[in-house]
Every structure is written in structure tokens, then in C-alpha cells.
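Here the structure is laid out as C-alpha cells; the discussion comes afterwards.
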Amino acid sequence: MEVDEVMCLPRLSRAAVCGGTHGNELSGVYLVRELLKVKKEVMEKKKEEEEEEEEEPLSVLMVLSNPRAVQQCRRYVDTDLNRCFTHATLNGPTSGAVPYELIRSRELNATLGPKGSSAAVDLVCDLHNTTANMGLCLIAYSDCDWICLHIFRHLQRKMPDIPMRYIHFEVSNKESYSLDSVGKHGFAMEIGPQPHSVVRSNIYTAMKDGVQHMLDWVSFFNSGTIFEGEYVDVFTMIKHIDYPRDSETHNITAAIHPQLQDRDFCLLHPEDPLFQTFSGETLRYKGNEPLYPFFINECAYYEKGIALSLARKRRVMIPAIRVQTEQERQANAQEFASEEEE
């Protein structure tokens, strides 16, 4: 690609901001409730003033993803909703006692998708909290989704005091399992540290600002702003590491070492302290290369057998982009129709 070449991408007409996919991650729950409240007040004001309805440049859906889990302030009711969006799960047969989250995932897929179709919303931002010291992270399944990467870079510029990273899970579209995978573009906005079932004002405010800057970026993009190409650091997840466990009881026998705790995204070298057993012994990292740890000691991952995840970091060049003009969109549509006829 030429340095000065600008990539033209389709307009983003519909976006979804989702909170409460995990019912005890409260920043997203309260933010979606607040956004719904504000939207209702705006609509009522418009109705009172009897203004003519203008076409919105961007339609934004606010979604409380797992209302039953939110009501009970639990991560989930029957099973983890954020693992229910694979192609097989969404399209498989349902018989017998169906977990609530499986039913809910299909409802959300009908509302925001269907996943992988031209009818799906253009952008899904799913809001999450972590107990790990990760700052603000965007987690996506692509390292070449230029929309998501440009949004990330915009957030970095607008929120320079918040540690921010882009995490890439190298999983195919059919196997991608989280709610954000339903949109044409999508990511999880993960912010911590915050205990589950608790809301901290600084974390809530960072999430609120991040969502507003994201929506601002979409408005800028739709209005024709050209976003210049630049380099972005991407952390690609390589593997998970479980806690040491007793071979008979399967109980954990060690905790994250004090020298590693809260040091997400600090490079972990071979032979660095990794765990400290309950008898006081230091267990060291036996990997073959230095990697970046994240989700260190995440509370919700004890049940998943994950003490931390490890990633490689690399620089990705994101191209300059702008929105397609109407003429370009029509030309592309005609070209696509011709290819279909052939």
C-alpha cells in the first residue's frame, strides 16, 4: 500500500453499546442505565417541543445484555453468556432444559445480528470490568480491523492519562465466542482494576469517557474526516497459564507471586517469579521467551483454570481511512451484483 493511499470503508450507521453481559461487572451496567435515561429524556424533550424528527447520523442501541444476572448481581445465571456466541452455539438445536444465557444469546443475535450477515449492526462495544490491573483495554478478534484500531488510537490520544492496550485474540469468526463478535466490527472495552459487584467512580468515569470518545470518532468518520495512517502496538494472546494444583483434589496450591501481582503488561522473562506456594516456595516462569502477562489473578477466571494470560507485542501499521462516498458505495454495490451474476 502506498503511504499516501487512503482506504475507503463503509459508513457506520448503527452501533450498539452493551453492558451487563456479566451481571456483576457494574461499570457497564450503570453506564448503560445512565445512557438509556439520557436518551429517554432527550426523546421526551423533543416530543414536548414537537420538533420535526431529523434523521440521526448514527443510531445507537443501548443494551443491558444479561438482565437476570444483573438483577442477581452475578456473573451469569446458568452459563457464561460471553461464551455463547460461536456459530455452532447460535445455530445449534435446542432441546431439554436450555440454559438461560443460551436463550439470551440467540435473542441478542436476532437484535444485533445475525452474526456474519449484512443485517448485523456496524459496531458493537461490549463493556466489561476486570479485577486485574489492566487499565483500559480493547479486546478484539482481528489485528487488521482498521475501524477498531483507529478507534483505539483515538482513545489513546483523548485519554493520555489512562494506560491503554489493544489485545488481539486470534480466533476465527465462526469460533469467536463473545457478544462483540456479532457486529460487523466489534470489541470488548475492558477496564480495571475493579472488584466484581462493586462500582468505582474513577473506573466508571474512564468507561463513560471511552464510550463517548468512541461515538465521537464514529461521527467524525461518518462526516468524512480522513484519519491518517500510523503504527499501533498490538498484544496477541499466545496462551493461558493455570495455577499449580493438587493432583488429587484439584485445589490450587499457590497464588500469583507478589513480584508479579498487579504488573499486567510488564514483560515476564524466563525464570522470573510466577507463583508463591502456600508453603512459601517461589515457582518460576519456565517459558522459552519473554511474554507480556495480562488478566493477572482475574477473580472470574479461577473457575476457568486461568491464573494469567500471555501475549506477544508487535507494531501494526494501520492505513489512512475515510468513509465511502455515496457514489463509491453505489459503484461497489454494482460491482458486487455483477460478480454475483457471473
Pair E228-H150, side-chain hydrogen bond (donor to acceptor under 3.5 Å, both in side chains): steps then yes or no: CA-CA 9 Å; E228 299 299 330; H150 268 288; over 6 Å; no
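- Side-chain atoms of K313 do not come within 3.5 Å of backbone N or O of Y292 as any donor-acceptor pair.
- Under the 3.5 Å distance criterion, the side-chain polar atoms of Y243 are left unmatched by any main-chain donor or acceptor of N251.
- Proximity of a side-chain donor or acceptor of H257 to a complementary backbone N or O of Q259 within less than 3.5 Å is detected.
- With hydrogens and angles disregarded, no donor-acceptor distance shorter than 3.5 Å links the side chain of K158 to the backbone of R153.
- Side-chain atoms of N133 never come within 3.5 Å of backbone atoms of R263 as a donor-acceptor pair (strictly under, hydrogens ignored).
- I321 is listed as a side-chain neighbour of I147, based on a closest heavy-atom distance under 4.5 Å.
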CA sep, side-chain torsions, deciding dist, call: H128, D126, side-chain hydrogen bond (donor to acceptor under 3.5 Å, both in side chains): CA-CA 7 Å; H128 289 265; D126 193 27; 2.7 Å; yes
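- Two rings, from F294 and F235, have their centers 6.0 Å or more apart.
- A donor-acceptor pair is defined here as one N or O able to donate and one able to accept, closer than 3.5 Å; such a pair exists between the side chain of K184 and the backbone of A120.
- Using a 4.0 Å cut-off between charged side-chain N and carboxylate O, E289 and R312 make a salt bridge.
- Annotation: side chain of Y100 is not in contact with side chain of T79 (no heavy-atom distance under 4.5 Å).
- Shown are F220, W146, W217, F152; of these, the ring-ring contact (aromatic ring centres under 6.0 Å, His included) with F227 is made only by W217.
- Between L308 and N297 the shortest side-chain heavy-atom distance does not fall below 4.5 Å.
- Side-chain contact check for M214 versus C125: some heavy-atom pair is nearer than 4.5 Å.
- Between F187 and I151, the closest side-chain pair of non-hydrogen atoms falls below 4.5 Å.
- Side-chain atoms of R322 do not come within 3.5 Å of backbone N or O of I226 as any donor-acceptor pair.
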Test side-chain hydrogen bond (donor to acceptor under 3.5 Å, both in side chains) applied to Y141 and S178, step by step: CA-CA 10 Å; Y141 292 106; S178 53; 2.7 Å; yes
Full working for side-chain contact (heavy atoms from CB on, under 4.5 Å) between C148 and L138: CA-CA 8 Å; C148 294; L138 298 194; 5.8 Å; no
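- In the model, H213 has no side-chain atom that pairs as donor or acceptor with a side-chain atom of Q156 under 3.5 Å.
- Heavy-atom neighbours of E175 CD from other residues, nucleotides or ligands within 6.0 Å: at or below the threshold of 12.
- Residues L108 and L81 have side chains in contact (heavy-atom distance under 4.5 Å, counting atoms from C-beta outward).
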Step-by-step side-chain contact (heavy atoms from CB on, under 4.5 Å) determination, V211 to L31: CA-CA 9 Å; V211 169; L31 180 53; 3.8 Å; yes
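- Checking side-chain atoms of D122 against main-chain N and O of R14 turns up a donor-acceptor pair under 3.5 Å.
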Q194 vs S27, side-chain hydrogen bond (donor to acceptor under 3.5 Å, both in side chains): CA-CA, chis, key distance, verdict: CA-CA 9 Å; Q194 177 172 282; S27 292; 3.2 Å; yes
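- Salt bridge status for E101 with R104: absent, with no side-chain N to carboxylate O gap under 4.0 Å.
- Y177 contributes no side-chain N or O that, together with a main-chain N or O of T89, makes up a donor-acceptor pair within less than 3.5 Å.
- Within the 4.5 Å cutoff, no side-chain heavy atoms of L268 are placed close to those of L291.
- Using a 4.0 Å cut-off between charged side-chain N and carboxylate O, D80 and R75 make a salt bridge.
- Within the 4.5 Å cutoff, side-chain heavy atoms of L260 are placed close to those of P293.
- By the 4.0 Å N-to-carboxylate-O rule, R315 lies too far from E230 to be salt-bridged with it.
- Without hydrogens or angle criteria, N222 side chain to L58 main chain gives no donor-acceptor distance under 3.5 Å.
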